[in-house]
Amino acid sequence: MTRRLRFPLLGAMVGGAVAAVSCGDPENMLSPAGSAARRIAHLGWFVLLTFSVVTIVMWGLVFWLAARRRGTLAHHLPWNAPEDRRWIVIGGFAIPVLVLGTIFVVMLKSMAAFPMGDDEMHATAAEVRVIGHQWWWEVQYPAVRAQDTIVTANEIHIPAGRPIDIELRSSDVIHSFWVPRLHGKVDLFPGQVVNRIRVEADAPGRYYGQCSEYCGPQHAHMLLLVSADRPADYQAWLDRQRAPAAAPGQAFAERGREVFMTGQCALCHSIRGTEAQGKVGPDLTHIGSRAGIASNSLRNDTASLAAWVTHAQSLKPSAIMPNITAFTGEDLRALVAYLQGLK
Ligand code: CUA
């Protein structure tokens, strides 16, 4: 590579890295929006700074050695220059132990600051329960009375400025919960293992997450939205979600309800307050209120809903949702209108 090309390329790489850090990418762990993520970001910067200093000092020594021009590099190799063995002891052992030891201690201190499934945490019930499925997130808000429990999918609401404990489990394989601007990665395990994290968002906003443990062909389409709401909005959201599904307001949506209940949909999906009690796919009681569908891999709009019902296997091959080809144009439009009305 010529020198003329090398420097613009280096510039573009550094520029790209700086832009990625600073332009507010919604999933950027280096722009933390909560206490746990802030600690992780600080740790990241500390490690980067330390290794930058090590790199600069090392290259400085190499250039210094070259500038001395005393013999060739071979003269300075330890087996040729017994008096230089102290470089091995100091540079090759003592300094790395000091640097890596310091990073290790700082890292342990950061980890200790996360309440992650300790006794104090298990003494209280978690406010939110997340269950990983291939390939979507079930979200529950447990309540004392079973009928008050909220079941939703792929979207978690939390009040901004207040820590929320989230319990993590899996129904099938190992998944990993990662909302980079709010917290580090924590795995969801099948069986009896229950992990917990405490998530807090500084300010209202939308924070996107992604399953970060490979869990099958649609792992990349397992996205999650955490909406941090103002406390009053959060309470209003809880109240709306707790209520059973609204009855269709118009005759067209009523036709959609008929299509849903008599077709295949009700066999796999639940809509509280109706005869649909399927437990295979996500609860759809308030699907109209969600930002996305198909685990946030599609926007929740008319075209995406219709496409998802009829062509799920093209959009997300191997997902448990089949292609429902039985619905004709008018029935499909009515079904979508009904789902959109479930706010
Ligand atoms: Cu779930 Cu990867």
Side-chain angles (χ1 to χ4, degrees), residues 25-30 32-34 36-37 40 44 114 116-117 126-142 150-158 164-199 201 206-228 268-270 278-284 287 290-300 304 307-308 311-323:
D25 169 1
E27 290 193 49
N28 189 346
M29 62 176 286
L30 292 176
I40 294 169
F114 300 133
M116 245 175 53
E127 234 160 301
V128 184
R129 206 180 276 157
V130 172
I131 301 155
H133 296 269
Q134 283 172 313
W135 294 276
W136 58 284
W137 307 89
E138 182 177 343
V139 180
Q140 301 177 353
Y141 290 72
I150 293 166
V151 183
T152 178
N154 306 316
E155 193 171 307
I156 299 173
H157 285 247
I158 60 171
I164 290 286
D165 284 2
I166 301 180
E167 205 176 88
L168 304 168
R169 305 158 189 265
S170 170
S171 72
D172 36 50
V173 299
I174 301 174
H175 303 272
S176 184
F177 182 98
W178 191 32
V179 184
R181 295 192 65 202
L182 297 181
H183 207 289
K185 299 172 186 178
V186 180
D187 283 356
L188 295 79
F189 291 101
Q192 300 302 308
V193 182
V194 180
N195 277 338
R196 280 201 182 196
I197 52 170
R198 186 163 291 164
V199 170
R206 284 183 165 193
Y207 306 100
Y208 279 89
Q210 162 73 49
C211 179
S212 54
E213 176 72 38
Y214 182 73
C215 54
Q218 292 302 326
H219 155 72
H221 287 152
M222 194 167 163
L223 288 85
L224 175 73
L225 169 63
V226 176
S227 173
C268 293
H269 294 282
S270 280
K279 296 284 178 233
V280 180
D283 184 296
L284 301 180
I287 188 185
R290 296 178 205 156
I293 59 167
S295 204
N296 290 300
S297 59
L298 297 171
R299 267 201 306 238
N300 189 2
S304 300
W308 180 247
H311 291 84
Q313 289 303 311
S314 310
L315 296 161
K316 210 167 165 180
S318 306
I320 205 158
M321 174 81 180
N323 289 346

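Counting convention: from 1, in listed order, for ligands and their atoms alike. In this text, all values refer to a predicted model and were calculated from it rather than measured experimentally.
- Between V139 and N154 the shortest heavy-atom distance is CG2-N, 3.9 Å.
- Closest approach of L182 to V199, counting heavy atoms only: CD1-CG1, 3.9 Å.
- Pairing each heavy atom of R181 with each of Y207, the nearest pair is NH1-CE2, 3.9 Å.
- For E138, the salt bridge (Lys or Arg N to Asp or Glu O under 4.0 Å) criterion is met by no residue, not counting sequence neighbours.
- With sequence neighbours left out, H269 forms a ring-ring contact (aromatic ring centres under 6.0 Å, His included) with no residue at all.
- Take a cut-off of 2.8 Å around atom 1 (Cu) of ligand 1: the protein N, O or S atoms inside it are H175 ND1, C211 SG, C215 SG, M222 SD.
- By the ring-ring contact (aromatic ring centres under 6.0 Å, His included) test, W136 pairs with H133, sequence neighbours left out.
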